Structures are given as C-alpha cells and as structure tokens.
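Report on the following structure.
These numbers were taken from a predicted model, which means no experiment stands behind them.
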Amino acid sequence: MNETKITCPHCGKNIELTSAIKTQVQDEIRTELRGEFNRKYLTEKEKIKREAVEDSQQSLKEMEAQLKSAKDKLVESQAQEMELRKRTREIEDREHALKLELERQLDFERQKIRNDLAEKFNSEHRMKDAEKEKLIQDMRKQIEELSRKAEQGSQQAQGEVLELELEQLLRDKFRYDDIQPVPKGVKGADVIQFVKTNSGMHCGTIIWESKRTKAWSDGWLQKLKDDQRAVNANIAVIISETLPKEIKHIGNLDGIWVTDFKYAAELALVLRAGLIEVSQAKNAMQGKGEKMEILYNYLTGQEFKNRVESVVESFEGMKEELEKERSAMEKIWQKRKMQLDRVILNMAGMRGELEGIVGNALP
C-alpha cells in the first residue's frame, strides 16, 4: 500500500494517507474542483450570454436606430425627389406656357402687322379712288353746270353767267386777292383782280374780259389794251369760248393773254405767281429800274409765254389721262355687268332644263 504525506492546513502536521484515502481525497477534490469549475463555467456562461444578449440588444438598437435614420433619410430623400419633380414639372409647364404665350403673341403681332398693312393698302387705294371719283364728280358737276347755264337765256344773259362763273372761280381759287366785278354800264373789263399775298401786300392787277360768242374778233385786243391802261393793270386776259385759229387752248396775242374757260384757273395761277415774283423782286431791288424792266419784259415775253403754255399743257395732259382712266373703268364695269347677266341667264336656263327632267323634286 502506498502512503503519501500531506500537510494539514489547519495544524501544520504531516498526515500520511493510504491509497484508498488518497483516491477518495482526489475524487473529492476532483468533484469539488469540477463543481467549482462548473459553477464558474455556468457563471461565465451566464455572464457571456448576458453580455452577448446585451450586446445583441445594443446592436439591435443601434441597427434599429440606423434603420430608422436610413428610413427617415429615405423618406426625406423621396420627399425631396417629389418636390424636385414637382418643381421640374412646374418649370416645364411654365416653359411650355411661356412658349405658347410667346407663339400666340408672335401670331398676334404678325396678324396685326398684316392687318395694318392691309388697312393701309386699302386706305391708300380708297383715298386714291375717292380722289379720282371726287374729281370726276366735280368735273361732271362743272360740265353739267356749264352746260345748263349755256342753255340759259339770251347771249347777254349767257355772257353775264360766264362773268359770274369767272368771278366765283377767282374768288374760290385766290381767297387772299381782291376780286371786283365791273358794274354794268361802266366801260372796262368784266372783272378786276388785285393780286395780294397772304400778308396783304399788293403785287399787281389783272383784268379779265369774258366773251361768249360764236366768232373771234381781233378788235377785242385793242379794246382790252385801252381798258388795261385806264385802270393801270399789269396783265390783261380774254376768256372766250371761241379762240383764234393760232391758239389751241392758251396763248398771247399782241401782249394780251387769251384762253378758254377750261384753262382759266391754271392761267390765273401762273400769271398771279409771276406778278408776286416780280413784286418781291421789285421790293428787294428798289432803285434798280433796269433789272425791273428786264423782269417785266420777261413776264410779257415769249419765254414766259412758253412756260405758261407748258404748265397749261401739263394740266391738260393730266385731265386727259383722268378721263381715259374713267372711260376705261366704265368699260370694265359694263363688261363685268354683261358677264354677270350672262351667267345668271345661263344658270336660270340650266335650272329650267333640270326641272324639265326631274320635275319639282329639284331642290
């Protein structure tokens, strides 16, 4: 039997142990150590488990917190995305609306420009047509009035009518001038025209003699010259229905201007302008008698006569062109009227033929 000595922890004595006791003691120690170990193991296990649970719970809380934060951020991001999309749609809608409004405005401005141009074009043509029509109507009225008065009374009465027409013509054309008729029974011309500027400055005198006969008489020239010297007139004019054979519409015979009533206004306009120019030149060159004589000679000379005739011929050409235009338009209107009448007649005939075929069922 093996023996083993051990020291007592209480008394310090050495104790000899037999094998059985030793085995028993070792078993007890092992049991005690195993129990201690199991207790510590369980304790540590519980501790580790508890710590693991706590760590898991903490991790879970952190994960939940992170998940909640991520969810909040996702919601916020989605909200921002929705707001951004909403703003994008609003911007696109505004852009489309702006483009649409711009196109509408451009179309409106284009239409306005087209309307303005059309209105301007129509207005210009209406004005031109109205001017032509008014001129034609005025000429017709003047011709009708002259024709009517030409048929009145005796030759003396007709002459008085011509004098009144001449007087009224001069008054209408030259409102600044002093137009004075010569009283009946007094020797002299029919009408005296005192030419004045709009400021009232006297520039000269024109005497007018009207003749309404079927034949021209050269004796009228000398008689009118005497009348011209009697009233100290600058220019003398004879208006006659019958002109000398060497004068077509207007001319100068032995210092006397001769014209018909048709061109009386144009001749008066030119002669009056000449007197005003001479008067103004005379005022500007007082004391220069030689130059005044030159101007007067020019006014009564061939060159001035030619210029007056040129002006009158231009007026004549304008009137002839106007008459041609009026005649052409009347032809066009008459032609269109005949075409329309032909169309209406043919349509009426066609309808009659169809009614003859289908009867009253024709709508």
Side-chain angles (χ1 to χ4, degrees), residues 139 142-143 145-147 149-170 173-174 179 181-182 187-193 195 204-275 278 296-320 323:
M139 292 177 64
Q142 186 177 359
I143 293 172
E145 186 68 16
L146 290 174
S147 299
K149 291 181 178 180
E151 297 172 357
Q152 293 178 354
S154 63
Q155 183 176 359
Q156 181 180 0
Q158 293 177 358
E160 293 176 358
V161 169
L162 184 60
E163 293 174 13
L164 294 175
E165 285 289 331
L166 174 62
E167 179 183 347
Q168 189 61 41
L169 174 67
L170 296 175
K173 290 288 185 180
F174 313 110
I179 311 299
V182 176
K187 293 184 63 177
D190 295 328
V191 179
I192 301 177
Q193 179 181 3
V195 178
T205 305
I206 304 175
I207 61 171
W208 298 82
E209 180 74 20
S210 60
K211 298 295 182 180
R212 197 166 193 175
T213 61
K214 295 182 179 180
W216 169 263
S217 174
D218 291 334
W220 296 341
L221 300 175
Q222 186 59 47
K223 190 259 183 189
L224 189 57
K225 283 185 178 181
D226 296 338
D227 295 339
Q228 180 181 2
R229 285 191 289 268
V231 296
N232 196 24
N234 300 93
I235 301 174
V237 183
I238 293 178
I239 297 178
S240 176
E241 287 187 344
T242 305
L243 299 177
K245 60 181 180 180
E246 61 267 32
I247 296 177
K248 184 178 181 181
H249 295 293
I250 188 170
N252 190 288
L253 291 178
D254 198 15
I256 302 297
W257 287 97
V258 180
T259 184
D260 54 14
F261 191 85
K262 183 179 179 181
Y263 296 93
E266 288 79 5
L267 178 60
L269 181 66
V270 177
L271 295 177
R272 182 178 180 276
L275 284 177
V278 171
Y296 183 78
N297 292 335
Y298 167 75
L299 184 63
T300 57
Q302 183 64 32
E303 183 179 358
F304 182 71
K305 171 190 171 185
N306 294 336
R307 290 190 181 276
V308 172
E309 291 177 347
S310 176
V311 171
V312 173
E313 288 173 359
S314 298
F315 278 112
E316 179 183 2
M318 292 170 62
K319 289 183 177 180
E320 290 177 354
E323 287 295 328

Side chain to side chain contact (heavy atoms under 4.5 Å, CB included) evaluation trace for W257 with T259: CA-CA 7 Å; W257 287 97; T259 184; over 6 Å; no

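The closest side-chain heavy-atom distance from H249 to D260 is below 4.5 Å. Looking at heavy atoms from C-beta onward, L275 lies out of side-chain contact with T205 at the 4.5 angstrom threshold. Residues V258 and L243 meet the side-chain proximity criterion, which asks for heavy atoms closer than 4.5 Å.
Distance check: I256 CD1 to D218 CG gives 12.0 Å after rounding to the nearest 0.5 Å. Distance check: K211 NZ to T242 OG1 gives 12.0 Å after rounding to the nearest 0.5 Å. In this structure, K262 NZ and I250 CD1 are separated by 13.0 Å, a value rounded to the nearest 0.5 Å. Note that CG of D227 and CD of Q222 are 10.0 Å apart. Values are rounded to the nearest 0.5 Å.
Among pairs with a residue in residues 243-259, those fulfilling salt bridge (Lys or Arg N to Asp or Glu O under 4.0 Å) read K225-D254, at least two apart in sequence or across chains.
For D226 and K223, the salt-bridge test fails: no basic side-chain N is under 4.0 Å from an acidic carboxylate O.
Counting all heavy atoms, side chain and backbone alike, W208 lies closest to A264 at CH2-O, 4.0 Å. Closest of all the heavy-atom pairs between N234 and G204 is OD1-CA, 3.1 Å. Nearest heavy atom pair, residue F174 against residue A265, reads CZ-O, 4.4 Å. For L253 against W216, the heavy-atom pair with the smallest separation is CD1-CZ2, 4.2 Å. Annotation for A215 and W220: closest pair O-CH2, 3.4 Å, computed over non-hydrogen atoms. Between I206 and R272, the shortest heavy-atom contact is CD1-N, 4.3 Å.
Although no hydrogens or angles enter the test, the distance criterion places no donor-acceptor pair under 3.5 Å between the side chain of S210 and the main chain of I239. One N or O on the side chain of Q228 and one on the backbone of A233 form a donor-acceptor pair closer than 3.5 Å.
Taking a 6.0 Å sphere around NZ of K173, one finds it holds 12 or fewer heavy atoms contributed by other residues, nucleotides or ligands.
Applying the ring pair (Phe, Tyr, Trp, His ring centres under 6.0 Å) rule to F261 yields no partners; only residues at least two apart in sequence or on another chain are considered.
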